[in-house]
Number of protein chains: 2
Amino acid sequence: MFKKVILAEDFQGENHGIAETLHEKLAIEELQNELYCDKVFTRLKVALKNNAPFELLVTDLFFEEDHIDRKITSGRELIKAARALQPNLKIIVHSMENNPLQINTLFKEHKINGYVCKGRNGMIELVNAINEVFHNRTYVSPQVNLTAANNTIELDDFDRSILKELANGLTKKEVSDKFKRENKTPNSESTIDKRISKLYDEYETKNTTSLLFKLAKEGKI
Amino acid sequence: MFKKVILAEDFQGENHGIAETLHEKLAIEELQNELYCDKVFTRLKVALKNNAPFELLVTDLFFEEDHIDRKITSGRELIKAARALQPNLKIIVHSMENNPLQINTLFKEHKINGYVCKGRNGMIELVNAINEVFHNRTYVSPQVNLTAANNTIELDDFDRSILKELANGLTKKEVSDKFKRENKTPNSESTIDKRISKLYDEYETKNTTSLLFKLAKEGKI
DNA sequence: GAATCCCTTACAGATATCTGTAAGGGATTT
DNA sequence: AAATCCCTTACAGATATCTGTAAGGGATTC
């Protein structure tokens, strides 16, 4: 089993719960747990310098802001920095995020080794994930459907620029006029109509209101 | 100190962490922890029936959906049901929610006794909250500014029911028809128009699309 | 009981949205 | 070069949205 593990989790309750569970279920010799990304990164650096590097990082993605100044403000940034520092470090993400797209990019761009959703089985899955990753396999929570990520519709820049103006209360005619003024192209009201109608189909919505609402709720704009 | 406490928290890690902390820091004789609201409510009922009621409920607000059928799907519903069942029960909410408006309505409508934000000090605050509530005082996490809640505009049930249907893609005429079918009142298209127009003013938006977008972004619906 | 206020409702006119048809242009294929 | 595909654009007709006016009813005030 891993000898030296570090945990980044800003919720005190969750942090405590994970630490307890890992002590109970796994024979990890040294487990350090931190509430701030910056502290985790410092520990990784120091450990590496002392020729006693950590073998596994377990980290959340979202870290709440508070009165303390931070350089690294998210799990994603921590992962990137940790990968650059220590390419052979194993990384498991433990987060509420369940958007396959987001999770997919973590595997692709940052070569994480496991992904566990917070939830009713979070601790059971985390223990499994650590075991799998220890044996050089990857682990993904079963409720995450990574193949779905490939089927999702991407919004391109033109879509986004239209949606932004509509969200702001402009009519399609006004959006068209604005684009013409700014020499953006395409810019006809008709083309804007067509683009938006296409999005109705893709997102299974009926009108501008329900489309913008759905996209806002899903955090896509 | 409280002799009999029940905990409702669906994240296994957080649940474990809270339970551990309370065991360590407080002399609670009996602490039951559950991952589902329905189970909590059943336990409350049984305990009351056996003349050994719980004294304190600590609950989250959001409970993730899974494959299991649920009657009570949110902390808010659980609180309402628990209050109706056992008016003298002390209730502390422990959640990520930090919107003063939402928190205020919990104190006003459901007479909760304490509110603790999940976060880096979550466990320290929770222990404090339990001590305060035990001495018949209320506790609110210091980072929550409840006075700010009084300046914001409230959405009432009628507003919400209209907005929900519009978000779903119905036209105002369809919303009016639906309300008539359901014997909801008021229900005329004209009144619905008026309500929504009022919200345009209050939220400084220009049309249905921008209104729904803004409310979705701010998490108000 | 009259006056007032507020909410509900009806209606109407100006705009905006949504959908379909059709034409033209650039890029790619055959 | 012709055929094809895809994107842009124009236009038009049916609906929907937004705003204003006005009438009626219930509750409260005077």
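By convention in this document, chain letters (A, B, ...) are assigned in the order of the sequence lines, proteins followed by strands, and residues within each chain are numbered from 1. No experiment lies behind these values; they were computed from the predicted model shown.
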For [X] and [N], what is the distance between atoms [atom1] and [atom2] respectively, to the nearest whole Å?
{"X": "A:K172", "N": "D:dA10", "atom1": "NZ", "atom2": "P", "value": "16 Å"}
{"X": "A:L212", "N": "C:dC18", "atom1": "CG", "atom2": "P", "value": "10 Å"}
{"X": "A:I192", "N": "D:dC7", "atom1": "CD1", "atom2": "P", "value": "16 Å"}
{"X": "B:L163", "N": "D:dT17", "atom1": "CG", "atom2": "P", "value": "14 Å"}
{"X": "B:R195", "N": "C:dT9", "atom1": "CZ", "atom2": "P", "value": "11 Å"}
{"X": "B:K173", "N": "D:dA16", "atom1": "NZ", "atom2": "P", "value": "8 Å"}
{"X": "A:I162", "N": "D:dT8", "atom1": "CD1", "atom2": "C1'", "value": "12 Å"}
{"X": "B:E174", "N": "C:dC18", "atom1": "CD", "atom2": "C1'", "value": "13 Å"}

Pairing partner (Watson-Crick or G-U wobble, both distances under 3.5 angstrom) of D:dC30:
C:dG1
D:dC7 pairs with, by Watson-Crick or G-U criteria that keep both distances under 3.5 Å:
C:dG24
Hey, is the main chain of B:D10 close enough, under 3.5 Å, to the side chain of B:N15 for a donor-acceptor pair?
no
Base, sugar-phosphate alone, or nothing: which one does B:T191 contact when heavy atoms must sit under 4.0 Å apart?
base
Selection from [options] that lies nearest to any side-chain heavy atom of [X]:
{"X": "A:S188", "options": "C:dA10, C:dT17, D:dT9", "result": "D:dT9"}
{"X": "A:T208", "options": "C:dT9, D:dT9, C:dT17", "result": "C:dT17"}
{"X": "A:N187", "options": "D:dT19, C:dT17, D:dT9", "result": "D:dT9"}
{"X": "A:K194", "options": "C:dC18, C:dT21, C:dT8", "result": "C:dT21"}

Tell me whether the NZ or CZ atom of [X] lies within the 45° cone about the ring axis of [Y] and under 6.0 Å from its centre.
{"X": "A:R120", "Y": "B:Y36", "value": "yes"}
{"X": "B:K3", "Y": "B:F54", "value": "no"}
{"X": "B:K217", "Y": "A:F213", "value": "no"}

Parallel, tilted or perpendicular: which one describes the rings of B:F2 and B:F134, with boundaries at 30° and 60°?
perpendicular
Pick the closest DNA chain C nucleotide for A:N207 and for B:D193 by heavy atoms, then say which residue is nearer the 5' end.
B:D193
Could you check whether the side chain of B:S190 and the base of C:dA10 have a donor-acceptor pair of N or O atoms closer than 3.5 Å, going by distance alone?
yes
